[in-house]
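I have placed the structure first, in the form of structure tokens, so that the comments after it can refer back to it.
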Amino acid sequence: PGTAYAGQRRPADASEPVSSTINSIRGMHDVLPSDMHLWHFLEDTVRDVLSTYGYREIRIPVLEKTELFARAIGDATDVVEKEMYTFEDRNGDLLSLRPEGTAGVVRAVLQNGLLYAAPVRLWYMGPMFRRERPQKGRTRQFHQVGAEVFGAAGPDIDAELLVMCQRIWQKLGLEGIRLEVNSLGTSRERAAYRESLHRFLSDNRDRLDADSINRLDRNPLRILDSKNPGVQELLRDAPVLNDYLGEESLGHFEGFRSLLDGFGVAYQVNPRLVRGLDYYSHTVFEWITSELGAQGTVCAGGRYDGLVEIQGGRPWPGVGFAMGQERLIELMRHQAEPPGEVPHVYLVMAGEEATAGGLQLAEQLRRQVAGLRIQSNLGGGSFKSQFKRADRSGAPLAVILGEDELREGQVTVKHLRDQTGQEKINLDVLESWFKNYLRMLN
């Protein structure tokens with residue numbers, strides 16, 4: 001009583017019938033148990049690779065002050081203007097669900113004084129939020145793994161990040177992910193290029209689509225990302241950013257490319273490659289697959305040497321990347337899906353005494369045999385129904401404990417996935433039998 005549900009239907013009292021179920025918010029999806037092995041494999045692989053390069057995990061809030069993203073990403077970007085989930089809290093503060101991770105990591109290292117131990121290598125994982133039009137490979141809640149390095153100004157760390165990405169693709173068993181690179185130079189060089197590009201596009205305004213015209217005065221570099229064939233045809237004659245880079249920027253880019261060549265990392269220079277966030281400078285890159293249609297970028301990033309200063313710190317070099325977990329998982333489905341994790345054993349029990357003894361046996365085996373996965377039959381049922389459940393579980397073995405087995409101090413082990421048949425095993429040797437079984441599996 002007295003609680004207001006603004007813009008919502010008041011929840012029904014317990015005595016009221018519920019007229020319909022409540023579905024998830026559009027563009028925000030559940031991750032079901034059948035898919036969790038993919039998520040675990042991806043996350044474990046990334047965690048293992050990043051740790052071998054000296055990266056440490058950081059966890060940042062999902063909710064931040066809106067100003068954090070407005071400063072970092074840019075007021076004129078689509079992300080800040082149209083896509084962020086922003087609201088005013090009870091104190092009148094403007095808050096936003098994070099649309100990306102880098103800005104929050106920069107805030108965290110400044111707030112907690114982490115920059116003084118530079119270079120600092122950090123990584124994060126978690127959900128991000130953008131109110132975009134949901135489509136395949138693009139959702140409103142999506143998940144990213146990101147890596148950030150602070151305090152290293154040279155092209156060596158830029159190149160090592162991409163070697164690290166390539167190692168992740170190899171560990172995941174993924175192929176055909178191509179790398180595109182470019183340099184955005186310094187903010188001053190980019191401003192000069194932006195002015196030249198703006199003049200060119202303004203002179204050809206009649207050939208631009210509505211979306212490009214909307215971006216023309218606010219952020220003309222974003223027009224380089226246009227998917228409109230007519231705009232792309234026009235851009236063939238547009239100025240190229242590389243022509244506006246100074247000696248230092250060109251040297252950084254050449255050093256970066258030379259290191260990639262030395263590592264044997266294949267890449268293509270794409271002079272039209274820009275990133276959608278304002279904080280990038282110098283090196284930018286994207287890893288792209290052709291197997292996911294229009295949403296083919298699975299990992300992207302670059303250098304952001306001005307971002308720490310934008311967020312209130314002193315000038316400090318930074319570089320990083322973010323990879324989209326949903327897109328990588330979809331690619332894993334296409335190419336190299338790992339096997340799902342199923343129980344090794346389904347425990348079939350008959351009778352009250354056998355059920356009590358079986359559950360105690362299962363607990364004992366879990367303690368004794370590291371890594372052994374046992375799913376016990378719960379809720380009773382005939383042997384026939386229990387074996388149907390065992391088959392659905394995917395377990396390769398059924399361990400049967402009935403009154404006869406209990407009296408004889410034995411279990412029956414039945415092989416469900418091959419023609420081995422079944423065998424009787426004494427309880428006093430069951431631990432060693434399963435340890436040997438797991439050794440053979442590995």
Side-chain angles (χ1 to χ4, degrees), residues 58-88 93-115 118 120-132 142-153 157-158 161 184-191 194 215 218-222 225 273-286 297 299-324:
I58 185 171
R59 299 190 179 185
I60 54 176
V62 171
L63 197 63
E64 300 269 12
K65 294 179 180 178
T66 302
E67 182 186 4
L68 177 75
F69 304 115
R71 278 195 203 178
I73 300 172
D75 287 322
T77 59
D78 287 346
V79 174
V80 172
E81 281 198 336
K82 303 176 182 178
E83 297 171 1
M84 289 203 308
Y85 284 91
T86 298
F87 62 93
E88 189 175 295
D93 296 324
L94 211 55
L95 307 178
S96 296
L97 291 172
R98 62 188 185 193
E100 56 96 53
T102 301
V105 173
V106 171
R107 192 265 315 141
V109 298
L110 283 172
Q111 182 175 336
N112 295 284
L114 302 184
L115 290 181
V120 181
R121 292 175 171 88
L122 302 172
W123 73 276
Y124 61 87
M125 181 189 304
M128 310 292 163
F129 303 85
R130 297 188 188 184
R131 198 180 190 285
E132 302 180 284
F142 56 99
H143 296 77
Q144 287 185 340
V145 173
E148 316 289 356
V149 182
F150 302 96
I157 190 64
D158 304 13
L161 278 170
L184 300 183
T186 65
S187 58
R188 184 177 300 176
E189 292 161 352
R190 201 160 56 256
R194 173 181 173 139
R215 290 174 170 174
R218 297 183 302 119
N219 196 351
L221 268 68
R222 296 293 289 118
D225 276 341
L273 174 61
V274 296
R275 301 293 301 132
L277 311 180
D278 283 356
Y279 54 61
Y280 284 107
S281 60
H282 292 298
T283 307
V284 290
F285 54 84
E286 291 187 0
T297 300
C299 176
R303 182 162 284 280
Y304 45 83
D305 291 344
L307 183 55
V308 173
E309 186 176 13
I310 289 172
Q311 297 293 21
R314 61 188 177 91
W316 206 265
V319 62
F321 65 71
M323 54 183 66

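Values below: every heavy atom of this structure, side chains too, minus hydrogens, waters and symmetry copies.
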### Query
R98 and L68: side chain to side chain contact (heavy atoms under 4.5 Å, CB included), yes or no, with the steps?
CA-CA 10 Å; R98 62 188 185 193; L68 177 75; over 6 Å; no
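Residues R194 and N219 meet the side-chain proximity criterion, which asks for heavy atoms closer than 4.5 Å. Side-chain contact check for V105 versus F150: some heavy-atom pair is nearer than 4.5 Å. Looking at heavy atoms from C-beta onward, I157 lies in side-chain contact with R121 at the 4.5 angstrom threshold. Here the side chains of H282 and T186 are in contact, with some heavy-atom distance below 4.5 Å. Between T102 and Y124, the closest side-chain pair of non-hydrogen atoms falls below 4.5 Å. Between P99 and M128 the shortest side-chain heavy-atom distance does not fall below 4.5 Å.
For Y85, the side-chain contact (heavy atoms from CB on, under 4.5 Å) partners are M28, L97, F129, R131, R140, not counting sequence neighbours. Residues forming a salt bridge (charged side-chain N to carboxylate O under 4.0 Å, His left out) with R303 (at least two apart in sequence, or on another chain): D158, D305.
Considering CG of L110 and CD of Q311, their distance stands at 7.5 Å, rounded to 0.5 Å. Rounding to the nearest 0.5 Å places OG1 of T66 at 6.0 Å from CG of L95. The distance from atom CZ of R71 to atom NZ of K65, rounded to the nearest 0.5 Å, is 9.5 Å. Rounded to the nearest 0.5 angstrom, E132 CD and K82 NZ are separated by 11.0 Å. Residue R130 holds its CZ atom at 10.0 Å from CE of M84, rounded to the nearest 0.5 Å. Considering CH2 of W123 and CZ of F321, their distance stands at 10.5 Å, rounded to 0.5 Å.
Between N112 and A108, the shortest heavy-atom distance links the atoms ND2-O, 2.8 Å. Annotation for G151 and A118: closest pair CA-CB, 4.0 Å, computed over non-hydrogen atoms. Across R190 and G185, no two heavy atoms sit closer than the pair NH1-O, 3.4 Å. Shortest non-hydrogen contact noted between E286 and V274 is OE2-O, 4.2 Å. In plain terms, the two heavy atoms of V106 and V109 that are nearest each other are O-CG2, 3.2 Å. S96 and T86 get closest at one heavy-atom pair: OG-OG1, 2.7 Å.
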